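Below: the structure, in structure tokens.
Numbering of ligands and ligand atoms starts at 1, following listing order. Bear in mind the structure is a predicted one, so any value in this text is a computation, not a measurement. Residue numbers start at 1 and run along the sequence shown.
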Amino acid sequence: MTPPVDLHAPRRAQYLARLHEASVASRSPHAALLFGGHPPKRNGDSEYRYRPCSDVHYLTGWEDPEVVALFRPGAEHPYILFVQPKDPAREVWTGVRPGVAGALARGADLAFPVGELDSRLGELLQGYGVLHVRLGEDAARDARVFRASASSARAAARNGLEVPHTWVDPRRMIGEMRLIKSDEEIARLRTAAMITCEAHRNAMRTGAPGAWEYEVESAVDHTFRRHGGNGPGYTTIVGGGANACILHYVTNREVLRDGDLCLVDAGCEFQYYTADVTRTWPVNGRFTPAQRAVYEIVLAAQEAAIDRARVGVPYREMHDAAVRVLTQGLVDLGILEGRVDELIAGEAYKAYYMHGTGHWLGMDVHDAGAYWLGFESRALAPGMVLTVEPGLYLPEDDDRVPEAYRGIGIRIEDDVLVTPSGPEVLTADCPKSVADLEAICDRSALSRP
Ligand code: GLY
Ligand code: MN
Ligand code: MN
């Protein structure tokens, strides 16, 4: 489904205004050149399904491969698209293309077949001294950008116009726009969150002793698609037992064992916006006392961190709050020894909690936007959406860990909207307390005749 054009037009207007402001500040006109990309190769001649670069989709709404967008504030044609042209022979294989006419109908001031990019770009860049473009990712693309800049320079030697002399990564400026979510974006994130909660409930029902990690993965991914999601926003993680201690475990091919926990980290992408949720639950429906003790610590750390997701609070306070509760918990469990303040200062907890407590969330699971402004942790503002995801990972082979706790890996992750009245947990419908998890994972019906 093509999203409505007017979702993207105001973003383009704002982007052009920001490029203009930067031009005034640096006394050199700024332009931006953004590449949508190709479908990534899987193997042989098979490709993964194409999903546009989030920055390009955010500004253009274009859904087909190979699009290139050029933004030139102040020009007669400020927004130009280069797109795959109509091609009936190719369209039989890969579907109808909007083509140049489609680009104009969707708001471009000018549009050309993408094959004309190299011959036109040099002239189009004349007059712009600063070019926002991602370099260093694709040598052939870099060469095209530099060739166009050189051709622009040749002409400029005659007509005296500015030509690109400075290259700037576009992500910082667009990231600032993407960081604060509009009402439409929040509505999509709410739907992504709702589907994701349903998928986790299905995972909990599926993951009984003897089920395979991939069966749980299929229950999750099936739920995403069945409700109109695009699929997982990142590869679904299902880790039984000590596999939960591997942070991005995606092989998902072992059996779930009676007495183990299962960690599922999965989020549905819905209309380009993804959720990101982790739950950890007992495969047989009952936490052991040791599992429960660790679980309650992680849960308390998460609650302390969520409570800091408030307007005006520096981003890093969430992490600091989680680390304090986790470190105290590691002392209480007999895993760390010493004073909590000193253990935090010496980062002793990092052996068992080695990742951050969250990240921005939106079109990308690790979404765009700066966490620091200069040397200051950024203050939270209404419309920011972030994850809160503390965990503890107690390796099987660590003899500082009392035996009862070895091989336990627990992460609890929710998606939180910062609002003027406090944190709103978008994924609150997903069971999380010990009692709720034991209720939904209850396997007693399975053993009845
Ligand atoms: N699912 C990746 C993450 O939690 O950051
Ligand atoms: Mn996450
Ligand atoms: Mn996650």
Side-chain angles (χ1 to χ4, degrees), residues 51 54 175 178-179 181 189 192-204 207 213 216-217 219-221 223-224 229-240 243-252 261-270 272-281 295 298-299 301-303 305-306 308-309 315-316 318-319 321-323 326 350 352-369 371 380 384-393 409-418 423-432:
R51 195 274 192 199
S54 295
R178 284 174 52 189
L179 180 55
K181 271 64 181 179
L189 282 163
M194 189 181 71
I195 298 171
T196 298
C197 292
E198 169 71 7
H200 276 268
R201 287 192 294 267
N202 286 336
M204 292 162 190
E213 290 167 345
V216 175
E217 177 184 3
V220 167
D221 293 358
T223 311
F224 292 166
N230 188 43
Y234 53 91
T235 307
T236 296
I237 295 167
V238 181
N243 291 338
C245 295
I246 303 167
L247 300 179
H248 285 173
Y249 172 82
V250 291
T251 40
N252 301 354
L261 297 176
C262 179
L263 180 153
V264 177
D265 183 346
C268 177
E269 181 182 274
F270 180 79
Y272 290 98
Y273 288 78
T274 192
D276 180 10
V277 171
T278 307
R279 288 293 185 268
T280 313
W281 33 267
Y295 191 88
V298 177
L299 186 55
Q302 203 218 18
E303 284 164 356
I306 290 174
R308 301 312 298 139
Y315 177 82
R316 65 159 301 140
M318 285 183 292
H319 185 61
V323 161
L326 293 174
K350 277 202 171 168
Y352 309 105
Y353 181 47
M354 59 297 283
H355 58 77
T357 299
H359 47 82
W360 310 130
L361 185 71
M363 298 184 82
D364 296 323
V365 61
H366 299 154
D367 206 37
Y371 294 89
L380 297 178
M384 290 180 174
V385 178
L386 44 88
T387 69
V388 183
E389 51 177 305
L392 282 177
Y393 311 93
I410 292 171
R411 179 163 65 253
I412 307 173
E413 177 172 27
D414 279 297
D415 303 342
V416 177
L417 168 67
V418 179
E424 180 188 343
V425 179
L426 301 176
T427 45
D429 270 351
C430 193
K432 185 162 74 168

inquiry  = Parallel, tilted or perpendicular, judged at 30° and 60°: which one describes the rings of Tyr353 and His319?
reply    =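 Answer is tilted, since the angle falls between 30° and 60°.
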
request  = Classify the side-chain pair Tyr371/Arg316 by whether it contains a donor and acceptor separated by less than 3.5 Å.
outcome  =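 There is no such pair between these side chains.
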
message = Using a 4.0 Å cut-off to any heavy atom of His366, which atoms of ligand 1 qualify?
response =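 Reading through ligand 1 atom by atom, the close ones are 2 (C), 3 (C), 5 (O).
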
ask   = Can you list the ligand 1 atoms lying under 4.0 Å from a non-hydrogen atom of Glu413?
value =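 Counting atoms of ligand 1 from 1, those under 4.0 Å from Glu413 are 4 (O).
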
query = Which angle, to the nearest 10 degrees, do you find at the Mn ion (ligand 3) between OD1 in Asp276 and OD1 in Asp265?
reply =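 About 90°, to the nearest ten degrees.
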
Of the N, O or S atoms in Glu413, the one nearest the Mn ion (ligand 3) =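 It is OE1, the N, O or S atom of Glu413 closest to the Mn ion (ligand 3).
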
key: His359 vs Val365 side-chain heavy atoms within contact, under 4.5 Å   =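 Yes; the side chains approach each other to less than 4.5 Å.
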
message = Val425 and side-chain contact (heavy atoms from CB on, under 4.5 Å): which single residue from Leu417, Val416, Asp415 fits?
response =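 Per the side-chain contact (heavy atoms from CB on, under 4.5 Å) rule, the option paired with Val425 is Val416, out of Leu417, Val416, Asp415.
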
message = With a 4.0 Å cut-off on heavy atoms, is His355 in contact with ligand 1?
response =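 Checking ligand 1 against His355, which is what was asked, there is no heavy-atom contact under 4.0 Å.
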
ask   = Where does Asp276 meet ligand 1, judged by heavy-atom distances below 4.0 Å: at the side chain, the backbone, both, or neither?
value =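 It is the side chain that touches ligand 1; the backbone stays farther off.
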
key: Protein heavy-atom partner closest to atom 4 (O) of ligand 1 - residue, atom, separation in Å   =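 Nearest neighbour among protein heavy atoms for atom 4 (O) of ligand 1, to 0.1 Å: Glu389 OE1, 3.0 Å.
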
query = Below 3.5 angstrom, do we get any N/O pair linking Arg411 and ligand 1?
reply =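 Not met; the criterion fails.
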
query = Does the N or O separation between Asp265 and ligand 1 drop below 3.5 Å for any pair?
reply =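 Checking ligand 1 against Asp265, an N or O pair does fall under 3.5 Å apart.
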
key: Considering only N, O or S atoms of Glu389, the one closest to the Mn ion (ligand 2)   =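 Looking only at N, O and S atoms of Glu389, the one nearest the Mn ion (ligand 2) is named OE2.
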
Just how far is it from atom [atom1] of [X] to atom [atom2] of [Y], taken to the nearest 0.5 Å?
X: Glu389; Y: Ile412; atom1: CD; atom2: CD1; answer: 11.5 Å
X: Asp364; Y: Tyr272; atom1: CG; atom2: OH; answer: 12.5 Å
X: Tyr249; Y: Leu263; atom1: OH; atom2: CG; answer: 11.5 Å

request  = List the steps and the verdict of side-chain hydrogen bond (donor to acceptor under 3.5 Å, both in side chains) for Asp276 and Thr387.
outcome  = CA-CA 7 Å; Asp276 180 10; Thr387 69; 4.7 Å; no

query = Short check: any N/O/S atom of His366 below 2.8 Å from the Mn ion (ligand 2)?
reply =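 Here the distance criterion (N, O or S atom, under 2.8 Å) is not met by His366, so no.
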
